[in-house]
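This report concerns only the one structure given below.
Each chain gets a letter, A, B and so on, in the order the sequences are listed, and its residues count up from 1. Fair warning: this is a prediction, and the values are worked out from it, not measured in the lab.
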Protein chains: 2
Amino acid sequence: MRHEYATKPREQIAAILATERRYLSAAEIFERLEKAEAGVSLSTVYRTLERLREKGVATSRLDERGEATYLACEPSHHHHAICRVCGGVEDVPCEAIERFARSLHDERGFMLDGHTIEFFGRCKSCG
Amino acid sequence: MRHEYATKPREQIAAILATERRYLSAAEIFERLEKAEAGVSLSTVYRTLERLREKGVATSRLDERGEATYLACEPSHHHHAICRVCGGVEDVPCEAIERFARSLHDERGFMLDGHTIEFFGRCKSCG
DNA sequence: GCTATATTTGCGAACGGTTCTCAAAATCAT
DNA sequence: ATGATTTTGAGAACCGTTCGCAAATATAGC
């Protein structure tokens, strides 16, 4: 029989993620737990973040330096506008992409100054 | 006086990059150099790739596992369509983004099945 | 509540990619 | 060739992440 144990470390990590509207690294989360003297290990932080991602309640992305960062995130398909100053994340619905720069600024006040776009799939010769 | 020395390792690395239309990791380039018994060190591969990127003749991106990969690349602003099977890269001009899925398939035969889009800038409160 | 069983945890070691250090080798100007 | 300067190779160091395992914890059944 397969069980899921509800543990204090998991609750604490999920809580930190839930109250933060920016991508956090495992190290950042670990720091906060240390400050709160939670006695949670870094390994557990990594394991729990990965678990949250698998469950679909968090997304992850690699920052510029290749460090994995996590954000509590609804599973619906959308994209992110990330502030270069505060790191804050705003959701950008997929349909908005066509009008992206103008709408981001006009509708949300987000001053776009860069973006990363990559498409994946199969090229003509790989069918 | 500041000089730039033209060396064999640099030529060889640039040559590998120039003939390959896919993102290559430092390790992959190093392997090829080993096969050719070029006697070039991994450190030099890293240093040279970074140098090519700074000079603007190559771009880099992190793959899913966070490994840095490099591609010889014109400096003009555009995006990439990466084949999931062969790794081949096709340039996607920036203006095409609005019509991306249809045009990619109709015009290039690239069957889109995923994409990564991130916007950067300053949010309303960070001005 | 207690016990048995399965899951989770913390610790520390291992890992893999990248960067650094530094003496030896290569490049270029003269 | 010679000397000043840059680049290189080898290996150590680094850093984020993963792994292995014994101890601790959570749950189910009594």
Side-chain angles (χ1 to χ4, degrees), chain A residues 1-18 20 22-71 82 87, chain B residues 1-17 20 22-55 57-71 82 87:
Chain A
M1 25 187 95
R2 175 137 300 271
H3 283 288
E4 282 261 301
Y5 291 3
T7 68
K8 208 171 297 177
R10 287 178 177 175
E11 279 168 25
Q12 292 174 105
I13 293 166
I16 290 174
L17 221 53
E20 194 69 47
R22 5 181 269 105
Y23 280 93
L24 295 176
S25 68
E28 282 175 303
I29 292 171
F30 180 61
E31 268 177 44
R32 300 194 190 192
L33 290 167
E34 277 193 315
K35 230 162 244 162
E37 294 178 24
V40 174
S41 74
L42 185 53
S43 308
T44 295
V45 174
Y46 276 108
R47 286 185 290 231
T48 302
L49 289 174
E50 183 52 21
R51 186 168 157 282
L52 292 171
R53 203 181 57 74
E54 276 168 8
K55 291 178 68 178
V57 292
T59 3
S60 66
R61 71 170 218 105
L62 299 171
D63 68 15
E64 328 70 55
R65 308 199 329 287
E67 194 168 353
T69 57
Y70 294 81
L71 177 77
I82 302 173
Chain B
M1 27 187 97
R2 177 136 299 271
H3 284 286
E4 282 263 301
Y5 291 2
T7 68
K8 207 171 296 178
R10 286 179 179 175
E11 280 168 26
Q12 293 173 105
I13 293 166
I16 290 174
L17 222 52
E20 194 68 49
R22 10 181 264 103
Y23 280 92
L24 295 176
S25 68
E28 282 175 302
I29 292 171
F30 181 61
E31 268 177 44
R32 300 196 189 192
L33 289 166
E34 277 192 317
K35 231 162 243 160
E37 294 179 22
V40 174
S41 74
L42 185 55
S43 309
T44 295
V45 174
Y46 275 108
R47 284 185 290 230
T48 302
L49 289 174
E50 183 51 21
R51 187 168 155 281
L52 292 172
R53 204 182 56 75
E54 277 169 7
K55 291 176 68 177
V57 292
T59 3
S60 67
R61 70 169 220 105
L62 300 172
D63 68 15
E64 327 71 56
R65 308 200 328 288
E67 193 168 355
T69 57
Y70 294 82
L71 177 76
I82 302 174

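B:L62 CG to A:R65 CZ: the interatomic distance, rounded to the nearest 0.5 Å, is 11.0 Å.
Classification of B:K8 and B:E11 as a salt-bridged pair fails, no side-chain N sitting under 4.0 Å from a carboxylate O.
For the pair B:T69 (side chain) and B:R61 (backbone), a donor-acceptor distance under 3.5 Å is present. A donor-acceptor pair under 3.5 Å is formed between the side chain of A:R10 and the backbone N or O of A:Y5.
Tested against B:L24 for a side chain to side chain contact (heavy atoms under 4.5 Å, CB included), the candidates B:I16, B:L49, B:V45 yield a single pass: B:I16.
In this structure, CD1 of B:I29 is placed 11 Å from P of C:dT18, rounded to the nearest angstrom. One atom, CD of B:E64, and another, P of C:dG16, lie 17 Å apart when rounded to the nearest Å. In this entry the distance linking CD of B:E50 with P of C:dG17 reads 18 Å, nearest Å. Regarding B:E11, its CD atom lies at a distance of 16 Å from the C1' atom of D:dT6, rounded to whole Å. Between B:L49 atom CG and C:dT19 atom C1' the separation is 14 Å, expressed in whole Å.
Between the side chains of B:T48 and B:R51, no donor-acceptor pair of N or O atoms lies under 3.5 Å.
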Base versus backbone protein contacts along nucleotides 8-18 of chain D [heavy-atom cut-off under 4.0 Å; B, S, -]: BBBB----SBB

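Side-chain atoms of B:Y5 and base atoms of C:dT27 include a donor and an acceptor less than 3.5 Å apart.
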